[in-house]
Protein chains: 2
Amino acid sequence: MPTDSHTAPATSPTSATNATLAAMQAIVGAGACLSGDADTESYVTDYRRIYRGKAQVVVMPSTTEQVSQVMAWCHAHDVPVVPQGGNTSLMGGAVPDDSGTAVLLSLGRMNRVLAVDTINDTMTVQAGVTLNAARTAAEQEQRLFALRIGSEGSCQIGGNLATNAGGTAVLRYGNMRDLVLGIEAVLPDGRIYSSLRGLRKDNTGYDLKQLFVGSEGTLGIITAAVLKLMPQPRANAVAFVAVQSPEAAVRLLGVAKQHGGQAVTAFELISAPALELVLEYLGDVTSPLPARHDWMVLIELTSGGSDESLNATLMEILEAGLAQELVLDAAVAASLADAQRFWRIREEISDAQTRTGGSIKCDVSVPLSRIAAFIGDASAKVLALEPAARMVIYGHMGDGNVHFNPLRPKDRSAADFLGQWYAPISEAVDTLAHAENGSISAEHGIGVAKRDDLKRYKSPVELELMWQVKRALDPKNLLNPAKMLPRLD
Amino acid sequence: MPTDSHTAPATSPTSATNATLAAMQAIVGAGACLSGDADTESYVTDYRRIYRGKAQVVVMPSTTEQVSQVMAWCHAHDVPVVPQGGNTSLMGGAVPDDSGTAVLLSLGRMNRVLAVDTINDTMTVQAGVTLNAARTAAEQEQRLFALRIGSEGSCQIGGNLATNAGGTAVLRYGNMRDLVLGIEAVLPDGRIYSSLRGLRKDNTGYDLKQLFVGSEGTLGIITAAVLKLMPQPRANAVAFVAVQSPEAAVRLLGVAKQHGGQAVTAFELISAPALELVLEYLGDVTSPLPARHDWMVLIELTSGGSDESLNATLMEILEAGLAQELVLDAAVAASLADAQRFWRIREEISDAQTRTGGSIKCDVSVPLSRIAAFIGDASAKVLALEPAARMVIYGHMGDGNVHFNPLRPKDRSAADFLGQWYAPISEAVDTLAHAENGSISAEHGIGVAKRDDLKRYKSPVELELMWQVKRALDPKNLLNPAKMLPRLD
């Protein structure tokens, strides 16, 4: 019977903590350990201040060997370990529970780019390198590291891997899983697994690195990785397009793929309430289009060819879209500044919601052939419950993934709206997505926020298999316990 | 302590076989069971007739439910099961050992294309669909299923997945692992796992399908899959290019990626002895180039744009290659017939070797930045041992993968050459590849042929982790036993 509770410390919290602190200090040095509520506060609380826990010690190793020693000590002493990268989880996946028994292992000091190989088109980095630093290191060698997500300034490669991060370039380049060639990870008992070899093909046994990608730190602590680099695109073409409906958006995506093939890099849906929220929030920005439209898409093409040729392709797509009555109006970026202005609208939706307060964040995906029906059905369901809800719907339509985030009516408080509707609306939306063969968490993961929901949406066989794998790698259930895997009764 | 031997049958072979046969007949019907040496011969022998075993029964289920029942019965009775697709393994991975205790489960009757979704760009197929049938079903809907390997007429999607097949389009589209979105698999105890949902993003727990991809049938029996489809390329440009050296080929690949980006679909190396072997074997074909050159590459670009534009890109690449003194000469295909003629030379290398006999097949990969050095060092090593060996070196240089296949001198017999050199040359080549951070089996897998070699080339942690996973999913070690995982002492 799996359990998500960990072994209680054998001694009183204080003496246990003193022993743990001394052991951690002996491994990483006193300067790389924090204890006490004040010093650990920013580590045990998530960045949105929704999840708050406690840790015996925050330990900040600077080498893989130190991580190995920390894990070996904690394993021998039955101390749970919570790994943390940039602490940007939306799901409470990177903070400990409030028992105060865990060691929080922060990877932030392991922030070196170890190598960039421009012939193999790979980059070897420590886990604590921020996404932004990784992208910059690639750019300096005229290469692209293709992951593109909003938190790139703080999130770290280790966390990106542990959560299989997605973002706005998945349509062309895939998720984080598709961008990694090798991983170094420390196992729960301190052993070090490594496949840092930079190979695109290696069929010599199980592809063990796959275990760690998307496992939310429950199977091992990723300490380094070899990442795939791409040629830096030389041309870029962006349009902000009003479409007839979500159905029309899906059909326009088909047109775009037909004319643009793999040049289609991003295809992001934006609903009218999402646009309005951003324009209000930013103040200094106006819509690229003169009239109001219910649905818009932001299309980005990139290629290694010329801007002229790529713009011609974009015009072909838009003209075909107009001819098929999918497109109502379109603004094509005439400059890099235009393109950045269009993208800024898309990128600020998340912050605008946070500022406004009171949004119910559903991060769902369904097959593209069902996404228009899903948006229609889910919107009708929500509006039947709360007719004044603002339907903030946006995101990575090209991947079948939308952030479906009903927002409080203007005249209701966040607390009031969420208190009444958070649970019933989340469940209604997730249930509809699941019924369309969809996922209740396309890219945000599970953490603690959706852990128990998995019991409703995963088959018994899937849950059993997850526990079979977890027990095989972490039989003491010490690594990020009570995250992702629901307790089976 | 892991073991790769299975439980001995409790009764005499004959009565055990009778009981197994009766049980299998009850599940799938008498017409879908074969027994006796004559009827099972073609299933228990690999297509090159190198590996030969025995089976109690060959069972050919036609539904996932039947596979589940077969597995449940065998699990209850401790009978090992060897799954088999198109029986095209080069490594003895799909035939049973000679104990005669196994049930051989052939997926060939599960050969239906279940659905093609042209909006989601996915295809759902049963495991026994041949690669050729899958590609044809996609083409009928103007889509591409991108896996391209020599055995496409016989190999099956289930086997392609179980071995993470590679081939000549990996550079652009990835390995089989990159082409699958969902898997249905029957577990060793008969439970059915399914993720046949066609989602490009789903971060709800461990990505369990990854366990089955590349596991060579040791963890579950893949019964169906959802595959990614791509836009069918509209343009195609092919060149047969003489290059200065393997080093020049690698640099030309860099030039090609710089000018062509993701249009670069194939980049295949061909050594002079490989070309000569094919020209001799085919008789009616001549080299696309007038002079003899030590090294050639076959380059293919594809795109959704025009042939003119793509040919212009190819010319840019070749001109830059000439200017940088990488390219010595080049033939550009002026027609589809030309392109097919160029490709035929590449595709016939394998058969030409088989016909000639006496080649030592090493399927290695190294980082691209080391592949030229590897080819030089490994060739020198082999020629120091056997100066008259013909250095048949070819394959997927764009992925860092070469088939490094020293061939017997013309005046020695295959048996004589292999008897003297098979083991020392294989080991020397594999050792050099490993020393360059490479893989001793880039795409062919392990099977029984290289199982025990893994002990030399995998770290103890990797081998332990493989067994941890194997024991978690198949604690009785009944599924394709003694394949891939070396016995640990």
Side-chain angles (χ1 to χ4, degrees), chain A residues 117 119-120 122 163-164 166 170 175 178 191-193 197-208 210 214-215 231 250 254 257-262 303-304 309 365 367-369 399-401 437-446 454 457-458 461-462 465-466 468-469 471-473 484, chain B residues 117 119-120 122 163-164 166 170 175 178 191-193 197-208 210 214-215 231 250 254 257-262 303-304 309 365 367-369 399-401 437-446 454 457-458 461-462 465-466 468-469 471-473 484:
Chain A
D117 181 340
I119 298 176
N120 200 38
T122 50
T163 58
N164 187 29
V170 171
N175 296 290
D178 303 301
R191 283 177 299 160
I192 299 168
Y193 158 79
R197 292 185 296 154
L199 300 177
R200 282 171 176 75
K201 281 182 169 176
D202 179 19
N203 280 344
T204 54
Y206 303 147
D207 188 359
L208 297 165
Q210 304 293 344
S215 70
V250 172
K257 286 198 272 191
Q258 192 193 341
H259 289 263
Q262 286 189 295
S303 82
S309 153
S365 64
L368 272 161
S369 42
D399 315 313
N401 173 203
N437 268 331
S439 167
I440 64 159
S441 192
E443 54 178 22
H444 293 169
I446 298 300
L454 288 192
Y457 301 111
K458 289 285 200 192
V461 173
E462 288 174 289
L465 272 175
M466 281 175 60
Q468 284 174 262
V469 171
R471 284 194 299 262
L473 268 76
M484 184 195 266
Chain B
D117 181 339
I119 298 176
N120 200 38
T122 51
T163 58
N164 186 30
V170 171
N175 296 291
D178 303 301
R191 284 177 299 159
I192 300 168
Y193 157 79
R197 293 185 295 154
L199 300 176
R200 281 171 179 73
K201 282 181 167 176
D202 179 19
N203 279 345
T204 55
Y206 304 146
D207 188 358
L208 298 165
Q210 304 294 344
S215 70
V250 172
K257 287 198 271 192
Q258 191 192 340
H259 289 263
Q262 287 188 295
S303 82
S309 154
S365 64
L368 271 161
S369 42
D399 314 314
N401 173 202
N437 268 329
S439 167
I440 64 159
S441 191
E443 54 178 22
H444 293 170
I446 298 300
L454 288 191
Y457 302 111
K458 290 286 204 191
V461 174
E462 288 174 288
L465 272 174
M466 282 175 60
Q468 284 174 262
V469 171
R471 282 193 300 262
L473 268 76
M484 183 193 267

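Each chain gets a letter, A, B and so on, in the order the sequences are listed, and its residues count up from 1. As a basis for the values below, the full set of heavy atoms in this structure was taken, side chains included, without hydrogen atoms, waters or symmetry mates.
- Using a 4.5 Å cut-off between heavy atoms, B:Asp178 contacts chain A through its side chain alone, with no backbone atom that close.
- Proximity to chain A (any heavy atom under 4.5 Å) is shown, for B:Asp399, by both the backbone and the side chain.
- By the side chain to side chain contact (heavy atoms under 4.5 Å, CB included) test, B:Asn120 pairs with A:Pro367, A:Leu368, A:Ser369, B:Asp117, B:Thr122, B:Arg200, sequence neighbours left out.
- Counting heavy-atom pairs closer than 4.5 Å to chain B, the top-ranked of the candidates A:Ile446, A:Val469, A:Thr204 is A:Thr204.
- Using a 4.5 Å cut-off between heavy atoms, A:Leu208 contacts chain B through its side chain alone, with no backbone atom that close.
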Apply side-chain hydrogen bond (donor to acceptor under 3.5 Å, both in side chains) to the pair A:Lys201 and B:Ser439, showing each step before the final yes or no. CA-CA 8 Å; A:Lys201 281 182 169 176; B:Ser439 167; over 6 Å; no
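- In terms of non-hydrogen atom pairs under 4.5 Å with chain B, the most contact-rich of A:Gly214, A:Gly261, A:Ser215 is A:Ser215.
- Contact of A:Met484 with chain B is made through the side chain alone, with heavy-atom distances under 4.5 Å.
- Residue contact with chain A, scored on non-hydrogen atoms closer than 4.5 Å, is absent for B:Ser309.
- Comparing A:Gly166, A:Gly205, A:Gly254 by heavy-atom pairs within less than 4.5 Å of chain B, the highest count is held by A:Gly205.
- Contacts between A:Leu199 and chain B at a heavy-atom distance below 4.5 Å involve the side chain alone, from C-beta outward.
- With a 4.5 angstrom heavy-atom cutoff, B:Gln210 touches chain A only via side-chain atoms.
- Atom CG of A:Leu465 sits about 8.0 Å away from atom OH of B:Tyr193, to the nearest 0.5 Å.
- Side chain of B:Asn203 to backbone of A:Asn164: a donor-acceptor contact under 3.5 angstrom is found.
- With a 4.5 Å cut-off on non-hydrogen atoms, A:Leu454 touches chain B through its side chain but not through its backbone.
- Partners of B:Asp207 under the salt bridge (Lys or Arg N to Asp or Glu O under 4.0 Å) rule, at least two apart in sequence or in another chain, are A:Arg177, B:Lys209.
- No other option in A:Ala472, A:Gly304, A:Ser441, A:Ser365 has as many heavy-atom pairs under 4.5 Å with chain B as A:Ser441.
- Proximity to chain A involves both the backbone and the side chain of B:Leu473, based on heavy atoms less than 4.5 angstrom apart.
- Note: A:Lys458 leads A:Gln258, A:His259, A:Lys458 in heavy-atom pairs under 4.5 Å with chain B.
- Ranked by heavy-atom pairs under 4.5 Å with chain A, the first of B:Pro231, B:Ala442, B:Gly438 is B:Ala442.
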